S.K.: 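Before we start, here is the structure in question, set down as structure tokens.
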2 protein chains.
Amino acid sequence: MTPREAAACCRPVDGMLDPAMFRALGDATRVAIVACLVKCGREASVTEVAECCLVDLSVVSRHLALLARAGILESRREGRTVHYRVRYGHLCDQLRRLADAIEQCCPPGEATGASS
Amino acid sequence: MTPREAAACCRPVDGMLDPAMFRALGDATRVAIVACLVKCGREASVTEVAECCLVDLSVVSRHLALLARAGILESRREGRTVHYRVRYGHLCDQLRRLADAIEQCCPPGEATGASS
DNA sequence: ACAATACTTGCATCGTGACGCAACCGTGCA
DNA sequence: TGCACGGTTGCGTCACGATGCAAGTATTGT
């Protein structure tokens with residue numbers, strides 16, 4: 001199969017490789033925010049998150065909104081406070097399903113770490 | 001634990017969230033190239049890959065080099081031809097280990113799809 | 001009603017990255 | 001040695017995104 005033919009052929013991996021999700025994780029500040037929230041293990045307000053960052057609070061607000069749009073975080077409003085939390089289930093699921101979809105195309109003979 | 005404390009605390013997830021890898025997958029053209037190579041299941045030359053893309057061959061060459069630097073692809077030279085192939089094992093491993101590291105911080109009560 | 005809090009949005013600036021073209025390098029062949 | 005082929009690299013252009021500041025919005029408390 002030539003690459004040209006492969007590009008036309010539809011596989012599970014096509015739907016999993018969403019540039020928007022990866023772009024969201026492709027920025028140092030956003031990665032720091034996500035790591036912070038992941039390790040925190042609970043939801044946090046914009047102000048709380050901004051205390052871990054060197055950038056302006058308005059920038060943090062925009063980053064959080066972007067991460068939520070990308071499906072990595074979710075938000076909950078409580079009065080004038082907005083809480084953001086990691087979508088652990090969705091995020092881990094996406095990563096594992098992508099790994100599975102990629103592996104499915106891996107020709108025999110190439111180790112992928114799994115024995116399926 | 002406040003987000004500020006969480007940011008200072010070191011967890012496995014810190015080393016796994018590499019912005020460079022995600023940035024590499026955060027571009028539509030590069031994602032198309034990776035999807036093409038993944039589905040192809042074999043190595044392909046720069047010219048072959050360029051036949052699946054709408055952009056100039058020089059652009060494809062740069063994208064392939066970037067993806068190789070990010071650890072997603074690897075290259076092999078054969079005469080004047082350069083073959084690129086997906087690092088299936090490394091890529092899937094990275095994705096799964098990241099999922100594991102994130103899940104490790106997930107508080108009990110939040111479903112992550114796994115039962116560990 | 002007024003003020004304070006918590007966050008969002010408009011706007012200007014600046015850097016980075018994607019792209020195409022052209023020139024260049026390395027290899028193989030006549 | 002000359003030439004064709006396969007890739008890479010330099011350079012200019014252009015668009016987008018990250019940032020900070022200031023202004024605006026929504027909600028709470030006095």
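These values consider heavy atoms only, across backbone and side chains, with no hydrogens, waters or symmetry-generated copies. Computed from a predicted model, the values in this text were never measured in an experiment. Naming convention: chains lettered A, B, ... in sequence-line order (proteins, then strands); numbering from 1 in each chain.
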S.K.: When you group the ILVMFWY residues by side-chain heavy-atom contacts below 4.5 Å and let the links chain together, are B:Val86 and B:Leu66 in the same group?
M.R.: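 Cluster IDs for B:Leu66 and B:Val86 differ.
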S.K.: Can you tell me how far CG of A:Asp93 sits from OH of A:Tyr88, rounded to the nearest 0.5 angstrom?
M.R.: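 With rounding to 0.5 Å, OH (A:Tyr88) is 15.5 Å from CG (A:Asp93).
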S.K.: Which pairs, protein N/O on one side and nucleotides 14-20 of chain C N/O on the other, fall under 3.5 Å?
M.R.:
from   : atom 1 : to      : atom 2 : distance (Å)
C:dA18 : OP1    : B:Arg30 : NH1    : 2.8
C:dA18 : OP1    : B:Arg30 : NH2    : 2.5
C:dC19 : OP1    : B:Thr29 : OG1    : 2.8
C:dC19 : OP2    : B:His63 : NE2    : 2.4
C:dG20 : OP2    : B:Asp56 : N      : 2.6
C:dG20 : O6     : B:Arg62 : NH2    : 2.7

S.K.: Below 4.0 angstrom, N of the basic side chain to O of the carboxylate: do B:Arg23 and B:Asp18 qualify?
M.R.: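 Salt bridge between B:Arg23 and B:Asp18, a charged N being under 4.0 Å from a carboxylate O: no.
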S.K.: Please determine if B:Arg96 and A:Asp100 form a salt bridge, counting it only when a charged side-chain N lies under 4.0 Å from a carboxylate O.
M.R.: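 A:Asp100 and B:Arg96: salt-bridged.
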S.K.: Do A:Glu78 and A:Arg76 sit within salt-bridge range, that is, some charged N less than 4.0 Å from a carboxylate O?
M.R.: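 Yes.
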S.K.: Treating B:Glu48 as the side-chain partner and B:Ser45 as the backbone partner, does any N or O pair qualify as donor plus acceptor under 3.5 Å?
M.R.: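 Yes, B:Glu48 side chain to B:Ser45 backbone: donor-acceptor pair under 3.5 Å.
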S.K.: Please report the distance, rounded to the nearest Å, between CZ in B:Arg77 and P in C:dC25.
M.R.: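 It works out to 14 Å between those atoms.
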S.K.: For B:Arg85, is there an ion pair with A:Glu110 - N to carboxylate O distance below 4.0 angstrom?
M.R.: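 Yes, A:Glu110 and B:Arg85 are salt-bridged.
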S.K.: Would A:Ser75 and A:Arg77 satisfy side-chain contact (heavy atoms from CB on, under 4.5 Å), going step by step from the backbone distance to the final call?
M.R.: CA-CA 7 Å; A:Ser75 63; A:Arg77 187 175 199 96; over 6 Å; no
S.K.: To the nearest angstrom, how far is B:Arg76 atom CZ from C:dT27 atom P?
M.R.: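 In whole Å, C:dT27 P and B:Arg76 CZ are 15 Å from each other.
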S.K.: Earliest and latest nucleotide of DNA chain D, 5' to 3', sitting under 4.0 Å from a non-hydrogen atom of chain B?
M.R.: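 Listing 5' to 3', DNA chain D meets chain B from D:dA4 to D:dC11.
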